[in-house]
Amino acid sequence: MKPPPFVYCRPGDLAEALAVLAEHGDEARPLAGGQSLVPMLNHRLARPGVLVDIGAIEELQRMERRPSDWLIGATVTQRRVERHRVEGCELLRLAMPYIGHRQIRARGTIGGSIAHADPAAELPAVALTVDATMVAAGRDGERAIDASSFFAGPYMNSLEDGEVLSHVIFPVLPSTTRCSFKEFARRKGDFAVAGIAAAVDITDRAVSTARLTAFAIGSNPVRLTGAEEALAGRSLDAAALTDASEAAAAEVEPWDDIHGSPQYRRQLVAALLQRALQEVAP
Amino acid sequence: MGSTFELGARPVYTGTHVTRAQDDSLLSGQGTYVADLHRDGMAEMAVVRSTVAHGRITAVRTAEAAAVDGVIEVITAADLTDVSPYPNFASAYTQTPGTFPLAQDKVRYVGSPVAVVLAEDRYIAEDAAELVVVDYEELPAVISLEDALEPDSPRLFEDWPDNRLLDLQPDDSEVAAILAGSRVFRRRYKMGRHTAMPMETRACMAEVRDDRLHLWCTNQHAHIARTTLSYVLPVAERDIRVVIPHVGGGFGLKQHLYPEDVLASWLALRHRRPVRFVEDRAEHMIAAAHARDHMMDMEAAIDDDGRILAIRVQVVQDLGSAEIFPGAWCPALTTAAHMTGPYDIGQCVVSVAAVTTNKTPGGSYRGFGVPEAVFAVERFIDEIAQEVGVNRLDLRRSMLLQPEDLPYTTASGALLDSGSFAESFEKVVELAEPAYRRAEAQYGADPQSRVGVGYAVLFEGVSPTHHGASAHWAGHESCSIEVQPDGGVRVASGVTDQGQGTTTFVATLAADALGVPIETVHVELADSDSTPYGLGAFGSRQAVVGGGALLLAAGEVRDKVKKIAAHMLEATEDDLVIEAGRVHVAGSPAPAVTMAEIATTAVIRTIDLPPGMEPGLEATARYEPELMEHVPDENGRINPNAAYANAAHAAVIRVDVGTGEIEVLNYILAHDCGRVINPPIVDGQIWGGIAQGVGGTLYEDLRFNDLGQPQTAFMDYLVPSAIEMPEVVIEHFESPSPNTPLGIKGVGEGGTVGPAAAIGNALAHALAEFKPQIRETPLSPAVVRAMIGDQQT
């Protein structure tokens, strides 16, 4: 568990980082908090020739409340967001304690987790649920990528060679939106076996919009459109919860691993969605 | 014997909270582990391991790796021409897997060492190890225990008739006759595969100094390791020194001399430079011994009240490839010896098979066959109670050994000379039933929760003979005590310390037995050059046999101290007492002579010794428990342990019926390890044992796919953390053994052996409405959720 040899550099600004990344093409990998990449290096699952540590770049550490959203720089640590409480981004706040352990969140970054696109990770699910925007910086400038098209498979994103995720824009949700984040992991802090992120807008006791995401069940987080439709216009009573849970269990196509079969994950999705909806019900 | 095992007249440390000797250094990062050892010119090893579960090696290409800058040598089995396979001392009744440090013709598990890269550092060694190419002709792999039993199953060892390394079929005619005339209840139980996950992985560093091989390693026995090295390497035993520095947990897994220990030694001798191997966690998952993986087929003749009249069991243990631990099958024998539980079941016959499969070799792990037996017996009793319609507690009460039954010899020959079987059980019931009712009150209204309570009562053989596993060593321990001229005491013992407090109990007993302040005692362990030959750490033995040897040696020293003091004080020895490092006449503290004055007389001013007395103030003693048997009698009966501890466990659990997750709310345990030397250390042992028991029951699972590829990386090997640990209540009973020094029994494994049974029974209770079949561990959320089915949600 020793990494193969690599060149390490720690540029002081984004332009320099982009220049190094451009120079080395797919030989180079940005390093943020290192909570995923370093273990992968040690297991020799990733073998970049050049590691570009973006931790010293100040412009990637911005965290700003703007009129209708939060702009969070790629290397803002998860712990910083957790402590900040990010008013208006309830779902993000609820998800933070589920990310690893506190020590991991102290090093792990918002952008690192999203770019890493681990199927079991919390932040991609939040981003997908609230329609966050990923902003990629390249030598030709910035490019905005919708959450729905950012995640391109397990551990794959749609950044191009030479691009780096510079920040993420999380929209502030209306005050009528109620959020819940439910995750089942074998131990506290473990990777999820299944999880649900929910942001449900309720007006006049009825669901106007339901945004429901399941994660840790397949390549990337998925929106539960069937369940969302099942709730549309309804009050969150027992029958609606059951219909949504059944729809969710039917629409997901979970994968199989040591912690659970597809059948078990369907049951988890149903149970967790049920609990999430109970929580958001007025 | 009697008096020879006495503590001094006024023991002040034994039974009290003596702070653990190494806490300051270990907890402040000042410990010295193998990974902390550095030597000028030290090279490091990386092992090239098999990537296939079963295959014939057709070529090992090392040239490219050998050419890497910084690589010293790349070796394969063909280079080890002067290495001997480990001798099989049990060949009369077992097959021989022919344990050798590198795979010779075949590989039999993923992780099997095939080649070694020796390089200037571990980074280079790993870079080069990637370049070693091994060609295999793959063979069909035998993965499950059931497959291994099939007559037409592929064989791991082609010269064996089948995959059975051990196959003991005792005469069962008496039990068969009872079964034939009775109501019979049958169940099959299985315990999954898990193992120890010590914070420190395996490690060793070999160096040649003054033409002798010095091996610094994490092994649990300095002397057995030394002797074993002399069997396999062309080095005389006198030219080998084994030293065990600080160790970050052993748990049985570090009992074995591993291939890497031999390889590092061989390379150090060959290159005359220090060679270190520090196992990484990925290697640990596949190349450190695995454990458990037992199947138990139980048949009982029962009466109308469910009482067991006779029991017949077939135990099958999956050994993996059996290429690490020569006595890998011994846990199955231990399981067999615990199949009656602490119950008055006069008739019990157990057949034992141990089979080889293409998985990581089995080894020893805390509990060593007992958790398997307790799980099977205690689940079996709950299932009988349910079947017959009697209360599970009353069924236990009707069979449990009562004080008047003791001493009691079990059907397998174990001599239960003392214990608190019924009393500890009643204590646990008294504490657990209210805890269960509290849980019911808290969660009863929650449709997503079910709560339950489960019990397990057990005895556990401790301080076993080593002969069961090695067919070679027996059961003794040894100790040397020397009082130095300033009155300070040096105690050297064959026991070893993996962090559990061995050093502390040695110092405690020595201080009390000699009547000196504990600060004046220096303890030396685990260096084969400076300690007498002992068998080290296994089977919860060290306080019993290590304590016995120490007390014998201390008794000799104490007698001489009194003789010298009597001469100096012109008093009669029998009137003297030793306390706080001073000797005086009982009842009159002055005049007194100090230990320093006595020792100075004994060692330096020998002209002042009583006429004719030999100089020196030291003794070496060895202790082998008299009633411990090493070889079974003609009926297969044996009393293989010096003592038997007992305990009752109870678990109160909550099951989340939506996710299948089990939360252990309360764990209540009443244990009896005879006389307690250090209460917090005993509690710590139990706590840690419960954590490992809970881990094996709910979380830890070493899985393989159909090709024999390991499926459990460390990330998925779920050792419980503090958050997963329940609230634990420990109750103490002390039933001293009349047959051990001071009545001490062992406690090292006591917490580990009960959780599978207690939690399994609690789960059956909690989910009674779903009629679950709880016959295997681990009880993962997915497994539990499947028991609930779709009847709920």
Side-chain angles (χ1 to χ4, degrees), chain A residues 1-6 35-36 39-45 47 97 100-104 118 120 182-196 238 241-242 244-246 248-249 254 256-276 278, chain B residues 44 46 119 121-131 201 278-285 447-448 656-662 695 698-705 710-725 778 780-786 788-790 792-793:
Chain A
M1 288 175 63
K2 303 290 186 202
F6 56 82
Q35 298 303 291
S36 302
M40 288 171 72
L41 292 171
N42 287 343
H43 282 285
R44 298 181 177 235
L45 295 170
R47 9 188 13 128
H101 298 271
R102 182 181 294 188
Q103 293 88 337
I104 290 171
D118 189 309
K182 295 287 172 198
E183 171 177 314
F184 180 69
R186 295 291 308 276
R187 297 172 303 188
K188 173 79 182 148
D190 275 342
F191 285 99
V193 181
I196 293 287
L241 265 56
T242 302
S245 297
E246 284 175 3
D256 195 0
D257 73 4
I258 185 169
H259 301 302
S261 63
Q263 165 65 6
Y264 175 56
R265 283 197 158 87
R266 278 198 187 90
Q267 292 170 328
L268 281 180
V269 165
L272 296 174
L273 180 60
Q274 177 108 191
R275 289 172 197 185
Q278 277 165 358
Chain B
E44 294 201 84
D121 65 41
R122 173 84 185 196
Y123 288 84
I124 299 170
E126 286 193 28
D127 290 344
E130 284 191 319
L131 303 175
T201 53
V278 179
E279 177 188 59
D280 67 32
R281 191 62 70 180
E283 292 179 292
H284 185 88
M285 300 307 298
Q448 292 289 299
D656 180 329
V657 293
T659 63
E661 184 178 29
I662 294 174
L698 299 182
Y699 297 103
E700 302 173 32
D701 190 7
L702 291 164
R703 284 212 237 163
F704 293 79
N705 70 8
Q711 301 298 293
T712 313
F714 184 57
M715 186 179 84
D716 293 309
Y717 191 80
L718 312 174
V719 178
S721 74
I723 299 168
E724 283 71 45
M725 277 294 284
S780 71
V783 165
V784 174
R785 187 64 186 79
I788 294 161
D790 287 323
Q792 200 281 332
T793 62

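Just so we're on the same page: letters track the sequence lines, and every chain starts at 1.
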Enquirer: Can you see which heavy atom on A:G260 is nearest to which on B:A782, and at what distance?
Expert: CA-CB, 4.4 Å

Enquirer: For A:R47, which atoms come within 4.5 Å of any heavy atom of chain B: side chain, backbone, both, or neither?
Expert: side chain

Enquirer: For A:F191, does the CZ atom have more than 12 heavy-atom neighbours from other residues, nucleotides or ligands under 6.0 Å away?
Expert: no

Enquirer: Output all residues satisfying side-chain hydrogen bond (donor to acceptor under 3.5 Å, both in side chains) with B:D656, sequence neighbours left out; order by chain, then residue number.
Expert: A:R275, B:T659

Enquirer: A:A244: which residues meet the side chain to side chain contact (heavy atoms under 4.5 Å, CB included) condition with it, sequence neighbours left out?
Expert: A:A227, A:L231, A:L273, A:L277

Enquirer: Where is the tightest heavy-atom contact between A:A271 and B:G658, given as atom of each residue plus distance?
Expert: CB-O, 3.7 Å

Enquirer: Based on non-hydrogen pairs under 4.5 Å, which of B:P781, B:A282, B:S780 is most in contact with chain A?
Expert: B:P781

Enquirer: Between A:R44 and B:E126, is there a side-chain heavy-atom distance shorter than 4.5 Å?
Expert: yes

Enquirer: Looking at CG of B:L718 and CD1 of A:I258, how far apart are the two atoms once the value is rounded to the nearest 0.5 Å?
Expert: 8.0 Å

Enquirer: Look at A:K188 together with B:E724 and state whether they make a salt bridge at an N to O cut-off of under 4.0 Å.
Expert: no

Enquirer: State plainly whether the residues A:D257 and B:R703 are in salt-bridge range, i.e. N to O under 4.0 Å.
Expert: no

Enquirer: Can you tell which of B:E661, B:E283, B:Q711 has the highest number of heavy-atom pairs within less than 4.5 Å of chain A?
Expert: B:E661

Enquirer: Please classify the contact of A:P39 with chain B as side chain, backbone, both or neither, using a heavy-atom distance under 4.5 Å.
Expert: neither

Enquirer: Could you state the interatomic distance from CE (A:M1) to CZ (B:F714), rounded to the nearest 0.5 Å?
Expert: 9.0 Å

Enquirer: Would you say the side chain of B:Y123 lies within less than 4.5 Å of the side chain of A:P5, judging by non-hydrogen atoms?
Expert: no

Enquirer: Quick one: CG on B:L698 to CZ on A:R187, what's the gap to the nearest 0.5 Å?
Expert: 12.5 Å

Enquirer: Out of curiosity, A:D190 CG to B:M715 CE, how far, rounded to the nearest 0.5 Å?
Expert: 8.5 Å

Enquirer: Using a strict 4.0 Å threshold on nitrogen-to-oxygen distance, state whether B:E44 and A:K2 make a salt bridge.
Expert: no

Enquirer: Mind checking the CZ-NE2 spacing from B:R281 to A:H43? Nearest 0.5 Å is all I need.
Expert: 11.0 Å

Enquirer: Go through the atoms of B:V278 and report whether side chain, backbone, both or neither lie under 4.5 Å from a heavy atom of chain A.
Expert: neither

